[in-house]
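Numbering of residues begins at 1 and proceeds along the displayed sequence.
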Amino acid sequence: MAGLLRRIKRLWIALGVAATVVFTAWCLLAYRANADGIRASMSDDRVDVVHGDHRWTFRPRSMRPQATGLLLFSGALVDPRAYARLARDAAAAGHPAVVVELPRRGALGGAEGSPVLQRGRDAMAALPEVRCWVIGGHSRGGEVASRYVLAYPDAVAALLLIGTSHPRDVDLSALTIPVAKLTGDRDGLATPERVARNRRLLPSTTRWVDLPGANHSQFGDYGFQPGDRFARLPRERQHRRLTEEVRRLLAATTLSACHPSSTPP
């Protein structure tokens with residue numbers, strides 16, 4: 001009997017190790033940017049792309065005078081290049097865009113505290129020609145963007161929340177700037193139920209954009225994230241709707257809506 005128990009114990013340990021290895025390998029593959037994201041992270045004749053100082057910067061080669069910029073915080077563990085197509089599209093339309101990397105990709109507390117907010121401040125300071133900023137984030141990046149707005153209200157002209165249940169721990173209901181929130185009913189992480197619980201923490205003027213059939217992973221160009229649900233909306237259609245809403249928010253955010261101090265010193 002004791003021998004049988006030892007064999008069962010060894011079997012359970014072996015199965016546990018195998019499951020851990022498989023899950024880790026899946027995560028490493030799932031969070032990598034796909035081919036579309038990687039291609040979009042390269043410079044061309046319309047957009048200059050620079051990677052450095054914990055960020056990916058997309059600058060239009062033909063800059064609009066006093067253009068509105070987009071600052072986007074990555075989702076936890078997600079390759080920042082997964083948001084390159086969204087940033088490139090904004091830059092191609094004349095809006096400088098920056099994708100900010102979370103410290104340690106958001107693992108082990110990397111998305112918490114002030115260092116990640118400082119990365120956003122540094123990114124804005126590196127583009128002094130931009131006087132008006134739309135701040136956003138996907139998934140855990142939405143939590144960082146929410147804290148950023150609370151910490152530096154005079155630096156933000158609009159807030160963009162993509163596939164996230166946040167704000168969850170901060171109350172942004174008194175915000176007077178434009179807020180847009182995109183959700184998907186197939187999102188297995190920022191589920192409709194979790195999003196609904198935190199609705200009261202956003203202003204009543206928030207523009208809610210619910211995408212039927214959209215899931216969590218397809219808000220970026222990366223693999224199928226653990227815990228998500230399979231999308232019923234094709235990836236390209238979900239990306240197109242996201243791009244349309246970002247363009248809409250950038251176009252609606254004019255210089256007259258920005259604070260004089262919207263660029264950090």
Side-chain angles (χ1 to χ4, degrees), residues 33-34 36-75 78-102 116-139 141-142 144-145 148-149 152 155-164 177-180 182 219-222 238-255 257-258 262-264:
N34 64 22
D36 288 333
I38 292 172
R39 278 194 299 269
S41 64
M42 300 176 184
S43 298
D44 60 17
D45 58 349
R46 298 181 65 190
V47 178
D48 184 40
V49 182
V50 176
H51 178 221
D53 297 321
H54 312 297
R55 59 183 177 266
W56 290 80
T57 302
F58 298 74
R59 297 185 63 158
R61 294 193 183 274
S62 179
M63 182 82 75
R64 289 183 177 185
Q66 297 182 320
T68 300
L70 172 66
L71 185 75
L72 190 72
F73 289 98
S74 302
V78 180
D79 184 342
R81 294 177 296 177
Y83 309 102
R85 272 207 298 168
L86 182 61
R88 170 178 289 279
D89 181 83
H95 302 280
V98 183
V99 180
V100 179
E101 301 172 351
L102 305 185
V116 65
L117 302 185
Q118 188 58 49
R119 288 189 179 188
R121 298 281 284 177
D122 293 342
M124 292 170 65
L127 292 171
E129 66 273 24
V130 179
R131 292 290 308 280
C132 207
W133 285 98
V134 172
I135 308 298
H138 169 235
S139 193
V144 179
Y148 194 98
V149 170
Y152 308 111
V156 182
L159 175 63
L160 172 68
L161 298 172
I162 305 167
T164 180
I177 61 174
V179 178
L182 283 77
F219 279 121
D221 286 318
Y222 63 105
Q238 185 168 335
H239 175 75
R240 185 164 63 250
R241 287 296 313 277
L242 171 60
T243 298
E244 289 170 356
E245 290 302 325
V246 172
R247 286 178 179 172
R248 177 191 181 105
L249 190 57
L250 285 166
T253 308
T254 62
L255 191 63
C258 299
S262 53
T263 299

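For CZ of Arg61, the number of neighbouring non-hydrogen atoms (other residues, nucleotides, ligands) closer than 6.0 Å is greater than 12.
Arg85 CZ to Thr243 OG1: the interatomic distance, rounded to the nearest 0.5 Å, is 7.0 Å. For the atom pair CD of Glu245 and CG of Leu160, the computed distance is 9.0 Å after rounding to the nearest 0.5 Å. Annotation: the span from His54 atom NE2 to Asp122 atom CG amounts to 8.5 Å, rounded to 0.5 Å. In this structure, CD1 on Ile162 lies 5.0 Å from CG on Leu242, to the nearest 0.5 angstrom.
Residues that satisfy the side-chain hydrogen bond (donor to acceptor under 3.5 Å, both in side chains) test with Glu244, not counting sequence neighbours, are absent from this structure.
Closest non-hydrogen pair, Ala33 versus Ile38, comes out as O-CD1, 3.8 Å. In plain terms, the two heavy atoms of Thr253 and Ala158 that are nearest each other are OG1-CB, 3.7 Å. Taking all atoms of both residues into account, the shortest heavy-atom contact from Leu70 to Ala90 is CD2-CB, 4.2 Å. Heavy atoms only, all atoms of each residue included: Gly37 and Ala84 are closest at O-CB, 3.5 Å. Taking both residues in full, the closest heavy atoms of Leu159 and Leu249 are given as O-CD2, 3.9 Å, listed atom of the first, atom of the second, then distance. Between Trp133 and Ala155 the shortest heavy-atom distance is CB-O, 3.8 Å.
Ring orientation note: the planes of Tyr148 and Phe73 are tilted relative to one another, at an angle of 30° to 60°.
By the 4.0 Å N-to-carboxylate-O rule, Asp79 lies close enough to Arg81 to be salt-bridged with it. Ion pairing of Asp48 with Arg59 is absent here, as no side-chain N (NZ or NE/NH1/NH2) approaches a carboxylate O to less than 4.0 Å. Looking at Arg39 and Asp36, a side-chain N of the basic residue comes within less than 4.0 Å of a carboxylate O on the acidic one, giving a salt bridge.
Between Ser74 and Val99 there is a side-chain heavy-atom pair separated by less than 4.5 Å. Residues Leu86 and His138 are not in side-chain contact: their nearest non-hydrogen atoms beyond the backbone lie 4.5 Å or more apart. With contacts defined as side-chain heavy-atom distances shorter than 4.5 Å, the pair Val144/Val100 does not qualify. Counting heavy atoms from C-beta outward, Val98 and Leu127 have side chains that approach closer than 4.5 Å.
Between His95 and the choices Asp89, Leu250, Val130, the side chain to side chain contact (heavy atoms under 4.5 Å, CB included) rule is met once, by Leu250.
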**Report entry** Stepwise side-chain contact (heavy atoms from CB on, under 4.5 Å) test for Glu101 and Arg119
**Finding:** CA-CA 8 Å; Glu101 301 172 351; Arg119 288 189 179 188; 4.1 Å; yes

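In terms of modelled atom types and a separation under 3.5 Å, the side chain of Ser43 and the main chain of Val49 share a donor-acceptor contact. Under a 3.5 Å cut-off, the side chain of Tyr83 and the backbone N or O of Gly75 do form a donor-acceptor pair.
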